[in-house]
Q: 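Below is the structure I would like to discuss, written out as structure tokens.
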Amino acid sequence: MTRETWATRMGFILAAVGSAVGLGNIWRFPWVTAENGGSAFLLVYLAIVVLVGVPGILGEFVIGRRSGRNPVGALRELSGSRTWGLVGMLSVLTGVALLSFYSVVGGWILRYFVESLVALGTAGPAPYFADPGSYYDGIAFTTDAVLYHVAFLVLTALIVFAGIRRGIEIGTKVMMPAILLLLVGLAVWASQQPNAAAGYEFYLSFDLATLRANFFDVLGPAAGQALFTLSLGAGTMVTYASYIGDDRSLPFDATTIAVLNTFVGVLAGLVVFPLLFSVTGEAGSSGPGALFVSIAGAFARLPAGTLIATAFFGVVTLAALSSSISMLEIPVSFLVDEFEFSRPVAVGGVAGLVVVTGSVNALRPALFGFVAGPLVDSLLTIGLIVFLLFVGWVLGVDAVDEFRRGSGSLANTLSTPWLLAVGVAIPFFLVFTLLSSLGLGGIAASLIPVSSFWLTVVMTVVLTVGAFVGLRGSRSVV
């Protein structure tokens with residue numbers, strides 16, 4: 001079976017950026033930022049994007065392009081080990097888990113967009129304007145939520161069904177420019193609202209005291225948000241890079257994707273926080289419903305609120321689709337590559353599975369909160385740790401060779417430091433972050449009279465050094 005490729009370099013970049021942008025930047029980023037101190041969180045998040053995100057994207061790109069396979073086939077073929085193939089199954093499971101909650105949120109957003117559009121056509125107020133909190137509570141985890149989840153999933157499946165060039169590439173070439181233009185317009189409009197300056201101060205002012213007092217509390221959410229928004233750890237970038245040729249500069253593409261993704265994330269904050277502070281004087285409610293309660297409530301108090309709401313939820317719907325198609329492509333590419341299923345059969349099978357798993361999430365808020373938060377954050381972190389250990393200790397010098405293909409002299413100079421970073425420093429950081437977010441140091445501290453911080457450090461050293469020793473071979477990083 002002939003494997004598809006991207007038609008153009010721009011198509012690949014926009015698809016990867018679309019995967020990264022999504023709800024992570026517009027739905028999740030504002031409320032996670034608000035919950036974790038505003039500007040203090042933003043600073044840590046941006047640092048992780050630069051120091052972990054860009055090298056991490058490159059790690060996944062190297063695996064994907066060198067193998068020309070999905071994450072399962074890539075790890076198996078490049079290592080010559082079926083065990084690594086089984087490890088790669090984590091990506092397939094993560095893709096299903098991501099889509100199982102993501103399509104539920106996508107369904108909520110689709111509903112708000114449709115109802116805003118209908119209200120705009122009838123010249124009346126949107127139905128959620130009267131009492132946004134009660135409205136959201138009444139529709140979030142109901143049978144209606146299941147129906148909209150299925151509708152959103154059908155839209156996603158139709159794009160993936162059309163294939164790489166005619167579906168994903170064409171779709172993202174339309175969606176990404178539309179998202180950027182609409183967000184820029186909304187950001188300019190939000191800047192003109194009264195008290196917008198207070199929103200900028202909360203979001204952008206450097207708060208060293210808050211950062212010092214809460215650094216380790218902010219670190220875990222910031223790392224999870226960075227991985228989520230950059231689509232790292234799930235195998236998305238491995239999958240997308242498997243469709244590109246050897247003449248592309250991976251460092252250039254990775255940097256471009258990270259910059260564009262971060263720009264959209266920061267831009268979303270420049271829409272959300274000035275708007276909230278202009279109407280309510282605060283960052284608004286936190287948690288998964290923040291976008292639908294605080295933002296919808298703000299629209300209700302503004303002139304031409306229905307028009308602005310329609311534009312806003314239209315942007316978010318496009319962003320959600322640009323990410324959901326990449327999540328669906330992970331298990332679909334696995335079935336096409338490994339079992340030679342036709343694309344229609346693979347798309348139908350995976351979509352049918354997610355109809356069931358997503359419907360369960362759509363009806364159980366406690367399960368949804370667990371999947372959308374701790375489970376996904378942990379799976380993405382573990383997934384990226386696996387990919388980077390594979391790059392540094394299994395591929396090793398071969399990874400440097402792949403890194404250099406199609407790249408210039410500067411990229412060639414950076415290839416060895418990059419390999420040391422992805423093989424040693426970043427896995428250590430990610431293991432520490434994972435253990436901290438799971439609270440394992442605190443659990444150990446309840447049994448041993450030592451601070452949880454130092455116990456977490458000790459556990460991190462033991463686990464990472466053990467991994468380095470166990471994986472070390474003739475082509476390893478050191």
Q: Just checking Phe161: does its CZ atom have more than 12 heavy atoms from other residues, nucleotides or ligands closer to it than 6.0 angstrom?
A: no
Q: Below 30° counts as parallel, above 60° as perpendicular, anything between as tilted: where do the rings of Phe341 and Phe339 land?
A: tilted
Q: For residues Thr229 and Tyr45, is any side-chain donor paired with an opposing acceptor at under 3.5 Å?
A: yes
Q: Measure the shortest side-chain to side-chain distance between Val50 and Thr262 over non-hydrogen atoms and say whether it is less than 4.5 angstrom.
A: no
Q: Using side-chain heavy atoms (C-beta onward) and a distance below 4.5 Å, is Tyr243 in contact with Ser333?
A: yes
Q: Please report the closest heavy-atom contact between Lys173 and Gly11, naming both atoms and the distance.
A: CE-CA, 3.7 Å
Q: Evaluate the side-chain proximity of Leu388 to Leu430: yes if any heavy-atom separation is below 4.5 Å, no if none is.
A: yes
Q: Report, as yes or no, whether the 6.0 Å neighbourhood of atom CZ on Phe263 holds more than 12 heavy atoms from other residues, nucleotides or ligands.
A: no
Q: Minimum heavy-atom separation for Arg343 to Val160, with atom names?
A: NH1-O, 3.0 Å
Q: What's the spacing between Ile159 CD1 and Ser322 OG if we round to 0.5 Å?
A: 9.0 Å
Q: Give me the ring orientation class for Phe313 and Tyr112: parallel if the planes are under 30° apart, tilted from 30 to 60°, perpendicular past 60°.
A: tilted
Q: Holding to salt bridge (Lys or Arg N to Asp or Glu O under 4.0 Å), I want the full list of residues that pass it with Glu201, two or more places apart in sequence or in another chain.
A: none
Q: Please examine the side chains of Ile13 and Ile257, heavy atoms only from C-beta on, and report whether any two atoms are closer than 4.5 Å.
A: yes
Q: Say you draw a straight line from CD1 of Ile63 to CZ of Phe61; how long is it, rounded to the nearest 0.5 Å?
A: 12.0 Å
Q: When you measure from the side chain of Glu60 to the backbone of Gly56, do you find a donor-acceptor pair of N or O atoms at a distance under 3.5 Å?
A: no
Q: With side chain to side chain contact (heavy atoms under 4.5 Å, CB included) as the criterion, how do Phe141 and Asn361 come out once you've worked through the C-alpha distance, each side chain's angles and the decisive distance to 0.1 Å?
A: CA-CA 8 Å; Phe141 297 100; Asn361 276 319; over 6 Å; no
Q: Do Val264 and Leu260 pass the side chain to side chain contact (heavy atoms under 4.5 Å, CB included) test, and can you show the C-alpha distance, the side-chain angles, and the key distance before you say yes or no?
A: CA-CA 6 Å; Val264 173; Leu260 287 175; 5.6 Å; no
Q: Sorted by first residue and then second, give each side-chain hydrogen bond (donor to acceptor under 3.5 Å, both in side chains) pair with at least one member in residues 92-102; sequence neighbours left out.
A: Ser100-Thr357, Tyr102-Ser323
Q: Quick one: pull up CG in Leu117 and CG in Leu307 and give me the separation to the nearest 0.5 Å.
A: 10.5 Å
Q: I need the minimum non-hydrogen distance between Ile330 and Gly95, along with the two atoms involved.
A: CD1-CA, 4.4 Å
Q: Any idea how Phe368 and Trp108 line up, ring-wise: parallel (<30°), tilted (30 to 60°), or perpendicular (>60°)?
A: tilted
Q: Shortest non-hydrogen contact from Ala145 to Ala140?
A: CB-O, 3.2 Å
Q: Just by modelled atom types, is the Ser116 backbone N or O under 3.5 Å from a matching donor or acceptor in the Thr310 side chain?
A: yes
Q: Given the side-chain rings of Phe113 and Phe152, with only the six-membered ring counted for Trp, is the space between their centroids under 6.0 Å?
A: no
Q: If you measure from CZ on Arg364 to OG on Ser359, what distance do you get to the nearest 0.5 Å?
A: 12.0 Å
Q: Does any part of the side chain of Ile325, heavy atoms only, come nearer than 4.5 Å to the side chain of Thr172, both counted from C-beta?
A: yes
Q: Measure the OG1-CZ distance between Thr239 and Phe334 for me, rounded to the nearest 0.5 Å.
A: 11.5 Å
Q: Stepwise, does the side chain to side chain contact (heavy atoms under 4.5 Å, CB included) test hold for Val49 with Leu230?
A: CA-CA 8 Å; Val49 167; Leu230 290 171; 4.2 Å; yes
Q: Closest approach of Glu338 and Arg69, non-hydrogen atoms and distance?
A: OE2-NH2, 3.1 Å
Q: Is there a side-chain contact between Leu219 and Ile48 in this structure, where contact means two heavy atoms from C-beta onward sitting under 4.5 Å apart?
A: yes
Q: Could you label the plane-to-plane angle of the Trp6 and Phe12 rings as parallel, tilted or perpendicular, counting under 30° as parallel and over 60° as perpendicular?
A: tilted
Q: Side-chain contact, heavy-atom cut-off 4.5 Å: Phe312 with Leu182?
A: no
Q: Return the OG to CZ distance between Ser91 and Phe387, rounded to the nearest 0.5 Å.
A: 3.0 Å
Q: Which heavy atom of Ile57 sits nearest a heavy atom of Ala254, and at what distance?
A: CG2-CB, 3.6 Å
Q: Using side-chain heavy atoms (C-beta onward) and a distance below 4.5 Å, is Tyr240 in contact with Glu329?
A: yes
